[in-house]
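Shown next, in structure tokens, is the structure this report addresses.
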Amino acid sequence: MRRLIGLVGLVVAGVVFASLFLGSFQAYMDAWESSSDLWTQVQAVVAVIWNTVYQPLLLLIVSLIALEGK
């Protein structure tokens, strides 16, 4: 049962990442154009990337833990 939950979690993590990544291109552009200062631009883009990645990453970690269980 844990393996099934882990596999479903992996699939869901992939779908969530793909949907967030594809839907965030405009957010990347807006973050990059938010300032003329390079450091502020980099911080804004990293914030958008983190917001795109952390949810599927957490789900992926939990799914891998479920797959490792016996």
Side-chain touch F17/L57, heavy atoms, less than 4.5 angstrom
no
Are I49 and M29 grouped together when hydrophobic residues (ILVMFWY) are joined by side-chain heavy atoms under 4.5 angstrom apart?
no
Heavy-atom closest pair (P56 atom, A13 atom, distance to 0.1 Å) is CB-O, 3.6 Å
May I ask you to decide if the ring planes of W50 and Y54 are parallel, tilted or perpendicular, using 30° and 60° as cut-offs?
parallel
Criterion side chain to side chain contact (heavy atoms under 4.5 Å, CB included) against T52, the qualifying member of L20, L22, V16
L20
Give the table of side-chain donor-acceptor pairs shorter than 3.5 Å for residues 58-65, with sequence neighbours excluded, one pair per line with atom names and distance.
residue : atom : partner : partner atom : Å
S63     : OG   : L10     : N            : 3.4
S63     : OG   : L59     : O            : 2.8

Joint cluster assignment, V46 & W39, ILVMFWY side-chain distance < 4.5 Å
no
Derivation of the side chain to side chain donor-acceptor pair (under 3.5 Å) call for D37 and Q41
CA-CA 6 Å; D37 180 32; Q41 289 175 331; over 6 Å; no
When you group the ILVMFWY residues by side-chain heavy-atom contacts below 4.5 Å and let the links chain together, are V15 and L67 in the same group?
no
Among the clusters formed by ILVMFWY side chains lying less than 4.5 Å apart, do V42 and V45 turn up in the same one?
yes
